[in-house]
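Keep in mind that what you see is a predicted model, and the values were worked out from it rather than measured. Numbered from 1 within each chain, the chains take letters A, B, ... in sequence-line order.
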Number of protein chains: 2
Amino acid sequence: MPNQNGTGPRWMHGQIKCCGYRMTKPREAILDVLANTQNHLSAEDIYMAVHKFYPNIGLTTVYRNLEVLVNIGMVVKFEFGEGKSKYELSDEYSSKGHHHHLVCKECYTVIDYSDFMKDEVSFLKSTENGLSEKYKFNITDHLIQFFGVCEKCTNK
Amino acid sequence: MPNQNGTGPRWMHGQIKCCGYRMTKPREAILDVLANTQNHLSAEDIYMAVHKFYPNIGLTTVYRNLEVLVNIGMVVKFEFGEGKSKYELSDEYSSKGHHHHLVCKECYTVIDYSDFMKDEVSFLKSTENGLSEKYKFNITDHLIQFFGVCEKCTNK
DNA sequence: CTCCTATTGGTAATGGTTGTCATTATCAAT
DNA sequence: ATTGATAATGACAACCATTACCAATAGGAG
Ligand SMILES: [Mn+2]
Ligand SMILES: [Mn+2]
Ligand SMILES: [Zn+2]
Ligand SMILES: [Zn+2]
């Protein structure tokens, strides 16, 4: 979807140009779709959303660009166990900020949470330090997910 | 591989019979393969290992049984980003015990670690409590992974 | 031993993702 | 504004891990 108000962050001025990539219509459209949803979208979801405004943009192009955007850190790719990857804007480019996921194993509802971070921060810091020291790893990232059954699925 | 010494835990007496499942040759072979490796195996890996001793056991059977074993909690399924699932015995049936994973994003080496658990325990307890309370989730499980670049890949 | 039915194995199908390649579009340099 | 090098695109085919299907087999309670 074309940026509705002219005041939003123009992707043009973001990470993309700096990395030697060109700013193209599909790229922009994909970022706009991701910026305008609260959900975690599959490549197909994004393709369909983009398709409404640019019917000639292909699914292959969506996949290719998601890969690029993940590589330059503007988008994050997740596997929640559904058999297809889900994407969302990375912390820096999203209004959500740093968060993790609570996933229902039955209906695959995904909840973003950023509560209870005090304990997480200290846990992460000490664990990352310990691990990188002991295993000589250059740690760049972490993945924390909780799984369970949501309220709706429990009462069913 | 057929259980090498007659003294190991016979899967026969485990979880399987209790759940109404039958103990079959393929089932036993798959569990033996998983019990005799330190690695995280794909369905194909397991199929090939089983195939050496029971050449007539099919890949489909391996997949079907892995699903059963995951469902009754004897096996755990992981996605490390390679595009195929990896399997290992669950904590209770493995000599490894409770642990998490440190994954190299370049070569997909996976390290099991169970260090630095003191901080994790308190983090998990408070976060699980907070989340299940706030979001009315019945939390059953968690996934913690650290990603980075291993020593070998860094010097290359 | 018999019977019920869970399980198997072979093969085809599915579905998400990636490769190919001729064509097009971006943008730095003129 | 025009040009040119090349990044990016779109249509389609190929890939590959996983599932569905179904007739044949085998576990194990009685
Ligand atoms: Mn999220
Ligand atoms: Mn492990
Ligand atoms: Zn649910
Ligand atoms: Zn590595």
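Atom P of nucleotide C:dT14 and atom CD of A:E44 are separated by 16 Å, given to the nearest angstrom. Distance A:D45 CG to C:dT17 C1': 15 Å, rounded to the nearest Å. The distance from atom CD of B:E67 to atom C1' of D:dT19 is 9 Å, rounded to the nearest whole Å. One can place CD of A:E28 at 10 Å from P of C:dT26, the figure rounded to the nearest angstrom. Residue B:L66 contributes atom CG, which lies 14 Å from atom C1' of D:dT19 at whole-angstrom precision. Atom NZ of A:K86 is separated from atom P of C:dT17 by 10 Å (rounded to the nearest Å). Counting to the nearest Å, the C1' atom of C:dT17 and the OH atom of A:Y47 are 15 Å from each other. The nearest whole Å value for the distance from the CD atom in B:E82 to the C1' atom in D:dC16 is 14 Å.
For A:K152, there are no side-chain hydrogen bond (donor to acceptor under 3.5 Å, both in side chains) partners at least two apart in sequence or on another chain. Applying the side-chain hydrogen bond (donor to acceptor under 3.5 Å, both in side chains) test to A:E106 and every residue at least two apart in sequence or in another chain returns nothing.
For the OP1/OP2 pair of D:dT18 and a distance below 4.0 Å, the side-chain nitrogens and oxygens of B:S85 include at least one atom meeting the criterion. For the OP1/OP2 pair of C:dT17 and a distance below 4.0 Å, the side-chain nitrogens and oxygens of A:Y63 include at least one atom meeting the criterion.
Between the B:S122 side chain and the B:D119 main chain, a donor and an acceptor come within less than 3.5 Å of each other. For B:D45 (side chain) and B:S42 (main-chain N/O), a donor-acceptor pair under 3.5 Å exists by modelled atom type. Listed for the B:S94 side chain is no donor-acceptor partner under 3.5 Å among the backbone atoms of B:S90.
Relative orientation of the A:H101 and A:H99 rings is perpendicular, given thresholds of 30° and 60° on the angle between their planes. In this pair, B:H51 and B:Y47 present their aromatic rings tilted. The plane angle is within the 30 to 60° band.
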Could you encode protein contacts along nucleotides 1-10 of chain D as a string, one character per nucleotide from 5' to 3', using B for base contact, S for sugar-phosphate-only contact and - for no contact, with a heavy-atom cut-off of under 4.0 Å? ----BBBSBB
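For the strand DNA chain D, secondary-structure stems (runs of at least three Watson-Crick or G-U pairs, all distances below 3.5 Å) span C:1-30 with D:1-30.
Within the structure, ring pair (Phe, Tyr, Trp, His ring centres under 6.0 Å) contacts touching residues 129-156 of chain B (residues at least two apart or in different chains) are B:H98-B:H142, B:H100-B:H142.
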Show me the donor-acceptor pairs within less than 3.5 Å that the side chains of residues 57-66 of chain A make with the rest of the protein, sequence neighbours left out.
from	atom 1	to	atom 2	distance (Å)
A:T61	OG1	A:R64	NH2	3.1
A:N65	OD1	A:R27	NH1	2.7
A:N65	ND2	A:T61	O	3.0

